[in-house]
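Following: one structure in structure tokens, then a few remarks.
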Amino acid sequence: MKIESLPLSAEQPTPDVAPRRRTKVIALTLLAVALAGAGAYALKHRAAPPAQAAAPASAVASAPVQELSARDIARVETRALAVTLPVTGSLTPLSQATVKSKVSGIVLSTAVQEGMDVKAGQVIAQLDPAEARARVAQQRAVLAEAQARLALARKNMSNSASLLKQNFIAQNAYDTSANAVDLAQAAVDSARAQLDLARIALADTTIHAPLSGVVSKRLAQAGEKLAPDSPVFAIVDLKHLTLDAQVPASDIPRIHVGQDVQFSVDGFDGRNFAGKVARINPATETGSRAMIVYVDVANPDGLLRAGMFAKGTIVTEKSAPHPLLPIGAIRQDNGRDVVYRIDNGRVVVQPVKLGLRNQDAGLVEALDGAAAGMTVLAVPLDGVKPGNKVKLPDAATATTDSTAPARKG
């Protein structure tokens, strides 16, 4: 028996087919939700490692970089460091003289004027020698008369000696003639001395420079009548000067003969002059507690002049060449001296061993732990700590590991 099934109407599904379709739809929906959840879970866990790996890079990228200026850093240089004491004073000639006339007379001529150089022994003025020449002639005549009297006295003594041997005269007569010879000899010696004085007076009518130097004053003119000891010229020797520097008495123990002195004077901008401590006055100046230190200054070119005011320093201590650090760069770290060194853009702690300090110059020598060319922080900066990144100015470069000194201990 053949059973034929009739087609079902779309509007009227059979009761057993509808539940099966709903079951498939629900299953497919659950499967899709499950797959979506698994995919999301897998994507979430698959992206986590790269995020974690990138965390340090982002943290580094977000770390602040401190930009430094040229005043914040210092480049270490190696040179000698000196401790100095500031001084001021005036320059005075080591040798100077006021030339005076030794004799009276009228000035016939003067050969030099103010500002002219003179040599020792050079004729600088001439007095009228007529009167002096007359005195020389007079004393020459007196000497000749005395010599004639001496010759006569000697002849009389010779005759007296012959008569005494023959007992024609007494001993007293002979002694008288011998005494006359002694008196005549004394008169000759006196006349000769007076002639020498007259000749000296004649020579003194020509006035010579007693030293080499420069004429600073002309005190007599041609035609003037000079008395003995009248001033004619003032001469100063500018080749050697003395700086009379006032130093507080409390600093005198630091001063020693032979110490170097550097100074400058107005009108010579940018030029320094040198000298050495020659003497120290043992007493303080009246009305102050300062003592005078005399500095010997060589002036071969004659640029410096007497009376100039000088400002300078006395080198009281001097060290051998060492790397020099700014005093402001020194820090304390667990009881040791350190500086902050810039190495490849980062701040690094560098221990140092310090030596001589110069507070005026703001420098201290590094006996160990620093090298020439090293870049350090010159001043304390807020927020800049070891390990921080820094950016140097365009004109400066940080030192590399090869130039950085090795730590000890």
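Note that these values count all heavy atoms, side chains included, but never hydrogens, waters or copies made by symmetry. It should be emphasised that the depicted structure is a prediction, and the values quoted were computed from it without experimental measurement. For reference, positions follow the sequence shown, starting with 1.
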Before giving the answer on side-chain contact (heavy atoms from CB on, under 4.5 Å), spell out for I255 and L85 the whole-Å C-alpha distance, their side-chain angles and the decisive distance to 0.1 Å.
-> CA-CA 9 Å; I255 308 301; L85 179 68; 3.7 Å; yes
State whether a side-chain donor-acceptor pair under 3.5 Å links [X] with [Y].
X    : Y    : result
Q185 : R154 : yes
D72  : S69  : yes
S160 : S177 : yes

Does atom CD of E114 have more than 12 heavy-atom neighbours, drawn from other residues, nucleotides or ligands, at distances under 6.0 Å?
->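 Enclosed: over 12 neighbouring heavy atoms sit under 6.0 Å from CD of E114.
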Within a radius of less than 6.0 Å around CZ of R218, do more than 12 heavy atoms belonging to other residues, nucleotides or ligands occur?
->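 Counting other residues, nucleotides and ligands, CZ of R218 exceeds 12 neighbours.
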With F309 via ring-ring contact (aromatic ring centres under 6.0 Å, His included) - residues at least two apart |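 Per chain and number, F309 pairs via ring-ring contact (aromatic ring centres under 6.0 Å, His included) with no residue.
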Determine whether [X] and [Y] make a side-chain contact, defined as any pair of heavy atoms from C-beta on separated by less than 4.5 Å.
X    : Y    : value
V379 : R71  : no
T84  : Q262 : no
D337 : Q332 : yes
L127 : V107 : yes

Taking [X] for the side chain and [Y] for the main chain, is one N or O donor matched with an acceptor at less than 3.5 Å?
X    : Y    : value
E77  : A372 : no
T78  : P321 : no
S319 : L81  : yes
S90  : G307 : no

Please identify each residue that fulfils side-chain hydrogen bond (donor to acceptor under 3.5 Å, both in side chains) with N358, with sequence neighbours left out.
->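 Scan of N358 (side-chain hydrogen bond (donor to acceptor under 3.5 Å, both in side chains), adjacent residues dropped) gives none.
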Using the test salt bridge (charged side-chain N to carboxylate O under 4.0 Å, His left out), find all partners of E224 that sit at least two apart in sequence or belong to another chain.
->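 Not a single residue meets the salt bridge (charged side-chain N to carboxylate O under 4.0 Å, His left out) criterion with E224.
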